[in-house]
Amino acid sequence: LVFRPGDANEALVAFKLAFEQLDRPVILLLTRQGLPVLDRNIYPDAENIRKGAYVIQDSKKEPDIIIFATGSEVWVALEVAKKITDKNIKVINMFCWELFEEQSQDYRDLILGDNSTLRVSIEAGITLGWERYTGTNGLNIGIDTFGESAPGEDVADHFGLTPEKCIKKIRSKLK
């Protein structure tokens with residue numbers, strides 16, 4: 001299992017969950033970047049990561065866009081959803097693909113939504129594999145090269161993993 005917590009609250013739950021796994025290996029992917037702490041009075045409880053993926057921010061109406069993010073990119077997805085005010089956006093915290101795949105088909109369908117909705121992944125890693133969730137017409141924002149080294153903010157900007165650059169890519173895809 002690969003766990004990608006998005007904030008300190010999720011990291012605590014992830015450590016507990018990791019120690020509960022007695023029959024399979026677990027890796028925790030942690031960042032050294034300073035991340036915003038998600039206000040759990042606004043966002044769902046961190047215990048939801050036990051499902052592998054959960055709706056961290058729902059849209060008021062049927063979503064035009066579903067954004068999947070994991071780990072340190074969750075806050076980016078939430079900022080994108082906040083700034084694209086003319087679209088209904090649902091944000092999914094995709095903490096662990098393997099745990100998500102173990103959920104019921106009804107739950108997975110609830111998370112994945114309609115195939116006609118633009119699905120976007122934001123991942124500070126390779127985009128390979130995200131097409132499983134975003135589909136062939138989805139948009140996968142990530143890092144498919146290697147060898148860059150700089151402060152975290154500079155690397156995020158270089159690879160287009162800032163809210164502003166993700167918005168630009170999403171708007172371009174919608175055209």
Side-chain angles (χ1 to χ4, degrees), residues 1-40 42-57 66-82 89-103 107-108 111-112 119-135 138-166 169-170:
L1 300 176
V2 179
F3 295 165
R4 302 170 195 91
D7 73 352
N9 295 312
E10 288 183 0
L12 290 173
V13 177
F15 279 109
K16 287 186 230 174
L17 187 55
F19 284 111
E20 292 170 8
Q21 305 305 308
L22 302 176
D23 61 346
R24 54 188 169 182
V26 175
I27 184 169
L28 284 164
L29 299 178
L30 304 173
T31 184
R32 60 181 189 206
Q33 307 304 318
L35 299 178
V37 175
L38 300 176
D39 182 347
R40 294 301 171 162
I42 297 171
Y43 299 109
D45 191 287
E47 286 288 330
N48 282 294
I49 65 174
R50 291 178 175 277
K51 299 175 190 167
Y54 66 97
V55 177
I56 192 161
Q57 181 176 301
I66 299 174
I67 302 176
F68 299 93
T70 186
S72 59
E73 296 75 53
V74 171
W75 78 269
V76 175
L78 292 169
E79 282 297 307
V80 168
K82 187 187 307 180
I89 300 177
K90 178 165 78 169
V91 178
I92 305 299
N93 183 342
M94 184 69 83
F95 169 77
C96 176
W97 293 356
E98 298 88 353
L99 287 179
F100 177 66
E101 293 298 331
E102 293 174 1
Q103 303 307 308
Y107 183 76
R108 288 181 290 167
I111 295 298
L112 295 174
R119 297 178 184 173
V120 177
S121 69
I122 302 174
E123 164 74 72
I126 63 171
T127 61
L128 181 67
W130 279 103
E131 68 280 354
R132 173 186 331 171
Y133 304 112
T134 60
L139 173 62
N140 300 305
I141 302 169
I143 303 172
D144 290 319
T145 63
F146 121 107
E148 300 297 327
S149 180
E153 289 179 13
D154 295 341
V155 172
D157 184 62
H158 174 78
F159 286 113
L161 293 168
T162 63
E164 294 74 23
K165 289 194 174 179
C166 288
K169 289 176 184 179
I170 291 168

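All residue numbers refer to positions in the sequence shown, counting from 1. Just so you know, these numbers use all the heavy atoms, side chains as well, and skip hydrogens, waters and symmetry mates.
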Across all chains, not counting sequence neighbours, the side chain to side chain contact (heavy atoms under 4.5 Å, CB included) partners of Val155 are Ala150, Phe159

Residues at least two apart in sequence or cross-chain that pass ring-ring contact (aromatic ring centres under 6.0 Å, His included) with Phe68, listed by chain then number, are none

Ile92 CD1 to Leu112 CG distance, which is reported to the nearest 0.5 Å: 8.0 Å

Asp154: salt bridge (charged side-chain N to carboxylate O under 4.0 Å, His left out) partners, not counting sequence neighbours: none

Results of salt bridge (charged side-chain N to carboxylate O under 4.0 Å, His left out) for Lys82 - residues two or more places apart only: Glu79

Please enumerate all residues that pass side chain to side chain contact (heavy atoms under 4.5 Å, CB included) together with Arg132, with sequence neighbours excluded. Trp97, Glu101

Quick one: side chain to side chain donor-acceptor pair (under 3.5 Å) pairs with a partner in residues 17-26, sequence neighbours left out? Glu20-Arg50, Gln21-Arg24, Arg24-Glu102

Partners meeting side chain to side chain contact (heavy atoms under 4.5 Å, CB included) with Ala81 (sequence neighbours left out): Gln57, Ile89, Val91

For Glu73, the salt bridge (charged side-chain N to carboxylate O under 4.0 Å, His left out) test, sequence neighbours excluded, returns none

Determine, stepwise, if the pair Asp157 / Thr162 fulfils side-chain hydrogen bond (donor to acceptor under 3.5 Å, both in side chains). CA-CA 6 Å; Asp157 184 62; Thr162 63; 4.5 Å; no

Could I get the full list of side chain to side chain donor-acceptor pair (under 3.5 Å) partners for Arg119, not counting sequence neighbours? Asn115

Under the side chain to side chain donor-acceptor pair (under 3.5 Å) test, which residues partner Asn48, sequence neighbours left out? Lys51

Before giving the answer on ring-ring contact (aromatic ring centres under 6.0 Å, His included), spell out for Tyr133 and Phe100 the whole-Å C-alpha distance, their side-chain angles and the decisive distance to 0.1 Å. CA-CA 11 Å; Tyr133 304 112; Phe100 177 66; 5.8 Å; yes

Applying side chain to side chain contact (heavy atoms under 4.5 Å, CB included), name anything that partners Ser149, two or more places apart in sequence or on another chain. none

NZ/NE/NH1/NH2 to OD/OE distance under 4.0 Å, Arg40 and Asp45: no

Sorted by chain and number, sequence neighbours left out, salt bridge (charged side-chain N to carboxylate O under 4.0 Å, His left out) with Glu153 holds for none

Ring centroid separation for Phe3 and Phe15, is it under 6.0 angstrom? no

